[in-house]
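Hydrogens, waters and symmetry mates are skipped; everything else that's a heavy atom, side chains included, is used. Note that the structure is predicted; figures quoted are calculated from it, not measured.
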Amino acid sequence: MHDHKQDELSLQRQKKLATIRELGYECYPHKYEPTHTIPQILAEYSSRPAEELEEQRATVRVAGRVMTIRPHGKAGFAHVAGGGKRLQVYVRLDAVGERAFELYQLLDLGDVIGVEGYLFRTRTGELTIHASRLDFLAKSLLPLPEKWHGLADLEIRHRQRYLDLMVNDEARQVFERRSAVVRALRAFLDSEGYIEVETPMMQPIPGGALARPFITHHNALDLDLYLRVAPELYLKRLLVGGFDRVYEINRNFRNEGISTQHNPEFTMLEFYQCYADYLDLMDLTERLLRHVAQSVLGKLEFEFEGRALSFQQFRRMTMKEAIVEYWPAAATSRPRVEDFSDPRAVFRWVEAYNQAAQEPIALGADTPAGLALQELFETVAEDRLIQPTFVLDYPLEVSPLSKQKADDPNFVERFELYIGGMEVANAFSELNDPQEQRDRFNYQQMLREKGDLSAHAIDEDYIRALSYGMPPAGGEGVGVDRLTMLLTNSPSIRDVILFPLLRPEKTA
RNA sequence: GGGCCGGUAGCUCAAUGGUAGAGCACUGCCCUUUUAAGGCAGGGGUUCUGGGUUCGAGUCCCAGCCGGCUCACCA
């Protein structure tokens, strides 16, 4: 980079590398054959007493990155890291010979080496490999971050995730756990008779969610394509085709702001089940999340942002009930659920909220009542829904793909699951009436023409697919990144995405 | 995009407007069971960038760059 000093440290290491080559070591050998990984060594030998190790003197070979070096004249120690664990290495001149000992003395923190030797315990009892042979496997030409404090600078941790993973054990654990979350999701759905599918990431008509898409272009077809905002419409085409239970875990792309809860590309689990409705999905979701927590954490209680969360209980309340329950104490008048029976009444309550609020809700001139109700809910209740809570019955206007409630056509059979103040899942009884779907699309088209860039586009083939008859079905999306945040106690979505989007680094 | 906060050695961090420092890392020497090894001696800075105020700026002011938090956008 542009630092003079780093060039100097790097130059020193370049020189050492040349010296290592002069000793007859290959600098970047093609392979090495360890007998064990470091975690395997620890698992197999950690419990064995010193005498037993001494009797056996079994020879092993391990490889890893040098993390500490403590020379003691004609002997010395080092720690080698691999698989998230460390193993101590003891190198004596009289055991490895002059050439290997010279290599040991030339090692820098960060170098990758192979060690052959037998396991023993030092005076302090630490399991250690007594080296009989050293192999050089790769050079670290750049200096590692500080060995004790690790790497704290968030920008470097995100831009150079490999460094973060190398020196911050917690970072590694977060991503190991993320992998376990995804594995558990798959295992659960597989066991429920779902099949995993893959549908287009590049779509000619972006659908399935109300969000602004990224646009790209296919040269050979001279065709504008959109990175998908959701896989929904394709997954439901599969229900029409006869796959009764499908799921997909993959990336969605939304051209929106970046925050601690939003990354432009994020991972969504979507699943669809024929002959089920949104009530069935609530039950399924509880079982799914308990399964994930149990298999990832081994328990249903855990801490998030300093608060104890539990997957033992999932509350259920309607959007209206949530507004009433979490209505700010400071406000003068207080609504009851019945007060929202007339859809237009919501505007009075937005007004009432604004009078007591520091940050009033700003609504456009012709905001539909349903959108106003959702705004009110999000402002009043969303960040106070800490324990798992299903919020059900969403306004029709904000739900173009959901089936209406039988007893109230202004609302749809839909829920969102909130945990830790975040929307974690969104599900509904799928609208399968092609005529009604066309009406909903037309309404969205009207919004689009008024300038709402996130309104849903009309997808004629989707209507055609519904016209062949789609079984009644329930469908759901689960934010995998946010779920991982919860289960790793991470305050930001960037902590659970290996390479979150950042502005490109300035080149000097 | 708005508001607030931050950017000092490779890393973690100090430094009333008055000589830019420590620990780790690095270099040399000593040390054959240490473990934040130890001892002795050293090297290393465009204080994010560019202006301004001042006798004097890491410090104060302005602009920009990058980041964090937050609000908005997002449903």
Side-chain angles (χ1 to χ4, degrees), chain A residues 1-13 15-16 50 67-79 86 88-96 101 104-105 108-110 120-126 128 130 140-160 163 166-168 209-213 229-230 254-264 266 358-359 361-362 367-368 370-375 377-379 382-383 394-395 397-400 416 423 426 447 452-456 491-492 494 500 502-506 508:
Chain A
M1 310 228 282
H2 47 70
D3 300 303
H4 209 259
K5 179 62 192 168
Q6 186 154 317
D7 290 346
E8 200 176 311
L9 291 171
S10 184
L11 215 63
Q12 289 173 354
R13 291 181 174 220
K15 282 183 186 164
K16 288 189 188 178
M67 299 307 287
T68 65
I69 300 174
R70 292 179 297 281
H72 291 259
K74 294 184 178 58
F77 292 90
H79 271 107
R86 292 182 178 196
Q88 183 168 256
V89 178
Y90 182 48
V91 184
R92 308 173 49 124
L93 172 60
D94 53 17
V96 296
F101 198 73
Y104 169 75
Q105 289 175 312
D108 282 305
L109 296 182
F120 76 112
R121 287 191 186 280
T122 61
R123 277 176 201 159
T124 56
E126 179 166 348
T128 303
H130 198 295
S140 174
L141 291 171
L142 297 174
L144 256 45
E146 214 243 11
K147 68 177 176 184
W148 189 244
H149 296 94
L151 182 63
D153 187 308
L154 279 175
E155 185 175 353
I156 302 177
R157 290 186 57 191
H158 293 147
R159 285 198 196 282
Q160 297 178 262
L163 276 183
M166 217 183 276
V167 301
N168 292 336
L210 305 181
R212 295 177 64 176
V229 295
R254 297 187 183 175
N255 207 337
E256 297 163 357
I258 296 174
S259 77
T260 49
Q261 291 176 35
H262 299 83
N263 194 62
F266 64 100
Q358 290 187 331
E359 301 204 15
I361 301 169
T367 302
L371 184 56
L373 187 72
Q374 178 173 262
E375 289 284 340
F377 160 73
E378 287 181 353
T379 308
E382 179 165 4
D383 60 358
Y394 274 64
E397 298 96 317
V398 296
S399 314
E416 287 189 351
E423 178 195 335
N426 175 23
L447 295 179
D452 181 352
L453 294 170
S454 64
H456 205 293
S492 169
R494 286 182 188 145
L502 300 175
R503 261 198 190 79
E505 212 168 348
K506 256 199 315 188

Pairing residues for A:Glu378 by the salt bridge (Lys or Arg N to Asp or Glu O under 4.0 Å) criterion, not counting sequence neighbours
none

Can you check whether A:Arg494 has a side-chain N or O nearer than 4.0 Å to OP1 or OP2 of B:G68?
yes

Span that lies between the C1' atom of B:A25 and that of B:A36, in whole angstrom:
12 Å

More than 12 non-hydrogen atoms from neighbouring residues, nucleotides or ligands closer than 6.0 Å to CZ on A:Arg212, yes or no?
no

OP1 or OP2 of B:U70 versus the side-chain N and O atoms of A:Thr260: is any pair under 4.0 Å?
yes

Looking at B:A36, I'd like to know if its phosphate oxygens (OP1 or OP2) sit under 4.0 Å from a side-chain N or O belonging to A:Lys147.
no

For B:C26 and B:C65, measure between their P atoms and round to the nearest Å.
38 Å

Between A:Arg503 and B:G67, does any side-chain N or O lie under 4.0 Å from OP1 or OP2?
yes

A:Arg70 side-chain N/O to B:A37 phosphate OP1/OP2 under 4.0 Å:
yes

Pick the C1' atom in B:U59 and in B:G7, then give their distance to the nearest Å.
14 Å

Output all residues satisfying side-chain contact (heavy atoms from CB on, under 4.5 Å) with A:Leu154, sequence neighbours left out; order by chain, then residue number.
A:Arg157, A:His158

Residues that A:Arg92 engages under salt bridge (Lys or Arg N to Asp or Glu O under 4.0 Å), provided they are two or more places apart
A:Asp94

Interatomic distance at P, B:A20 relative to B:U16, whole Å:
14 Å

Between the protein and nucleotides 30-33 of chain B, which nitrogen or oxygen pairs come in under 3.5 angstrom?
| from | atom 1 | to | atom 2 | distance (Å) |
| --- | --- | --- | --- | --- |
| B:C31 | N3 | A:Gly73 | N | 3.2 |
| B:U32 | OP2 | A:Lys74 | N | 3.0 |
| B:U32 | O2 | A:Arg92 | NE | 2.9 |
| B:U32 | O2 | A:Arg92 | NH1 | 3.2 |
| B:U32 | O2 | A:Arg92 | NH2 | 2.7 |
| B:U32 | N3 | A:Arg92 | NH2 | 3.3 |
| B:U32 | N3 | A:Asp94 | OD2 | 3.1 |
| B:U32 | O4 | A:Asp94 | OD2 | 3.3 |
| B:U33 | O2' | A:Arg123 | NE | 2.8 |
| B:U33 | O2' | A:Arg123 | NH1 | 2.9 |
| B:U33 | O2 | A:Arg123 | N | 2.8 |

Do any N or O atoms of the protein come closer than 3.5 Å to N or O atoms of nucleotides 27-29 of chain B, and which pairs are they?
| from | atom 1 | to | atom 2 | distance (Å) |
| --- | --- | --- | --- | --- |
| B:U27 | OP1 | A:Lys16 | NZ | 2.6 |

Using atom C1' of each nucleotide, how far apart are B:C62 and B:U54 to the nearest Å?
16 Å

Once you apply a heavy-atom cut-off of 4.0 Å, does A:Gln88 come out as touching a base, just sugar-phosphate, or nothing?
base

Can you sort out the partners of A:Tyr104 under ring-ring contact (aromatic ring centres under 6.0 Å, His included), two or more places apart, ordered by chain and number?
A:Phe101

